[in-house]
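Letters A, B, ... mirror the listed sequences (proteins, then strands); counts begin at 1.
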Number of protein chains: 2
Amino acid sequence: MTRTRIVVADDHHILLDGLNALLQKQKDIEVVGLYDNGQKLFDDLPNSKPDVALVDISMPGMNGCELTQKIKEFYPKVYVITLSMFDDATHIMEMIEAGVSGYLLKNVNDKELLDAINMVKDGRMYFSAEVSEKITTMIVHQQKKLAQPEEPKLTERELEVLTLVAQEMNNAEIAKALFISERTVETHRKNMLRKTNNKTIVGLLKYALERNLI
Amino acid sequence: MTRTRIVVADDHHILLDGLNALLQKQKDIEVVGLYDNGQKLFDDLPNSKPDVALVDISMPGMNGCELTQKIKEFYPKVYVITLSMFDDATHIMEMIEAGVSGYLLKNVNDKELLDAINMVKDGRMYFSAEVSEKITTMIVHQQKKLAQPEEPKLTERELEVLTLVAQEMNNAEIAKALFISERTVETHRKNMLRKTNNKTIVGLLKYALERNLI
DNA sequence: CCCTAAATACACGCATAAGGGTATTTTCAT
DNA sequence: ATGAAAATACCCTTATGCGTGTATTTAGGG
C-alpha cells in the first residue's frame, strides 16, 4: 500500500508547522510540499504530484477558492480539503462550487483531519459536523423553496406549451409542433398567465424556471 | 457511550435480514426497528426513536425519497442513509434534496456501511466514492456553466434594462423608470438580442437567469 | 351518472415587441 | 487627441402577444 502524498498551503507558519508535525508522524502519509501561499503550491504541482491538497481558505495572492478552482481545472485527480476559520453558508458554498472534497474548520482535531484525508484520498467527500449541518440546512431551505407548490399548478399540456415557449417558438410554431390550433395555444398561454398571476410570458418563464418546471 | 439506535426499511427481506445480522454483531449499534416499507418505519418513529435510518430508495408505497422528506420534516434529528441500486445523477440529487446524510450503493461492503453510520450519527455526511464522484461532476458541471463568460457580455445599462424586463415591465414603464426614451429601451433590447443570438426576450431571459446575471 | 377540470377551438381589437435602419452624444482608454 | 464602445434617440413596418369572451369535447372522480 503506497502512502498518501500530501501538500499543504497556509500562510500561517505556525499552523503549517503544526500540520507538518502531525502528518509526518503518520506512516501512511507522505508530506511532499509545504507552501506559504496558493500560487507556490499550484506551480509546484507537476513536481509534487500529490493525492491530496490541504489548503487554507484565506491566503494572500491566490486564495483557497481560486486555488481549488485551478487545481480542479488542471489536475482533477488531486483532491482538495480546505481548512477554514469560517463556517458560514457563503464560504462553504463557494468552496464546494470550486470543487473541494472536504471542508474542515480550523478547530479540527487530529483524528478528524486524518479521517478526512483518508476519505478524500479514495475519492469520497468529508465535511465536519458543523459544515454538514450548514449544507443540510441550505439544501433543505432550497428544497423548501422548490417544494412549495402552492396550488396554481400547471397541467401537463400547459407545461408542454410552456416548454416550447421557452424555446423561443411562437404560437404558430407551437401549434404546428403539438398538432393543435394556434387558438388553443393562445388559450393555454392565457390560462397559465391567469393561474400564476403573471402579466407576461417573461414572468411566467421566471416562475417556471424558479420551480424547475421546464 | 450510548449505542447508536438504528432502524431499517427495505422491501427485500433477504437484504433486510442481512443488514440486521451485520448490525446486530456490532456492540456499538442497536437495531430498534426493521420494516418492509417506508410507511411502517415512519409510523413507528415515535416509538423507535432512532439516531439513524437506513432506507432503501425503491420501495412500494412510500419510496425512499418521500420517506426521507417526511422524516426530515417531522424528525430532523434523525439522520437518513439511503441504500440504492442507482448511481445516476438524478437519483442522487433527488435524495440529497430530500435530506439524506448518506448515500450508499447496494454493493457496499460491511466496513463502509459501518463507517457511514458512524459518520452520519455525528451529524456528518457520507457518500461512497462513486457517489462522491457524481456529485463532484455535477457541481463542476454546474460551475462550468456559470463560469463561462464567453464574450457577448451585456453592458451595465443593458442589464439594468433586462432586470426591469424580467420584472414584467414594458418598454414604456422601463423608459420612465430609467429616465430615458422608449426608443432607447427598444435599442437596448435589440442590441441584447443580437449579442446573445436570441430571437425573443424569452430566450434572453433564460440566458440571463442561467448565468445569474439578474 | 353527473359534475368538474382540462383540453380543445374561435373572434375581435388593441398594445407592444421585433426587425430593419440611421444618427448623435458621452465615456473611456490608448 | 483620437477612436472605439456604449448609451442615447428616432423612424417605419410587420408580426405577435395580450385581453376578453364564448363554446365544445374529453377524461376522471365521486
Roughly, in whole Å, what's the span from CD in Glu156(A) to C1' in dT26(D)?
-> 17 Å

Does the Thr82(B) side chain pair with the main chain of Val55(B), one donor and one acceptor, at a distance under 3.5 Å?
-> yes

Is the Phe42(A) ring parallel, tilted or perpendicular to the Tyr75(A) ring (thresholds 30°, 60°)?
-> perpendicular

Any residue of residues 174-191 of chain A with a heavy atom less than 4.0 Å from an atom of DNA chain C = Ile180(A), Ser181(A), Arg183(A), Thr184(A), Thr187(A), His188(A), Lys190(A)

Electrostatic pair Lys195(B):Glu158(B) at N-O distance under 4.0 angstrom | yes

Can you pull the contact range of chain B along DNA chain C, 5' to 3', using atoms under 4.0 angstrom from its heavy atoms?
-> dT16(C) to dG21(C)

I would like to know whether Asp87(B) and Lys134(B) meet side chain to side chain contact (heavy atoms under 4.5 Å, CB included); could you show each step before the answer?
-> CA-CA 8 Å; Asp87(B) 71 341; Lys134(B) 282 276 160 62; 3.6 Å; yes

Spacing of Ile201(B) atom CD1 relative to dC18(D) atom C1', expressed in whole Å | 12 Å

Is any side-chain nitrogen or oxygen of Asn170(A) closer than 4.0 Å to OP1 or OP2 of dG17(D)?
-> no

What would the secondary structure line of DNA chain D be in dot-bracket form, counting Watson-Crick and G-U wobble pairs under 3.5 Å, with [ ] for pairs that cross earlier ones and | for pairs with another strand?
-> ||||||||||||||||||||||||||||||

Charged N to carboxylate O below 4.0 Å: is that the case for Asp44(A) and Lys40(A)?
-> no

Ignoring hydrogens and angles, tell me if any N or O in the side chain of Asn198(A) forms a donor-acceptor pair with the backbone of Thr200(A) under 3.5 Å.
-> no

May I ask you to decide whether Glu173(A) forms a salt bridge with Lys176(A), counting only side-chain N to carboxylate O separations under 4.0 Å?
-> no

Got a donor-acceptor contact below 3.5 angstrom from the Asn171(B) side chain to the Val185(B) backbone?
-> no

Are a donor atom and an acceptor atom from the side chains of Asn191(A) and His188(A) found within less than 3.5 Å of each other?
-> no

Could you tell me whether Asp56(A) and Lys106(A) make a salt bridge, using a distance below 4.0 angstrom between a side-chain N and a carboxylate O?
-> yes

Ion pair check, Lys70(A) and Glu73(A), cut-off under 4.0 Å | no

For dA7(D), take OP1 and OP2 only and decide whether either is under 4.0 Å from a side-chain N or O of Thr155(B).
-> yes

Please state how far atom CE in Met192(A) lies from atom C1' in dG19(D), giving the value in whole angstrom units.
-> 16 Å

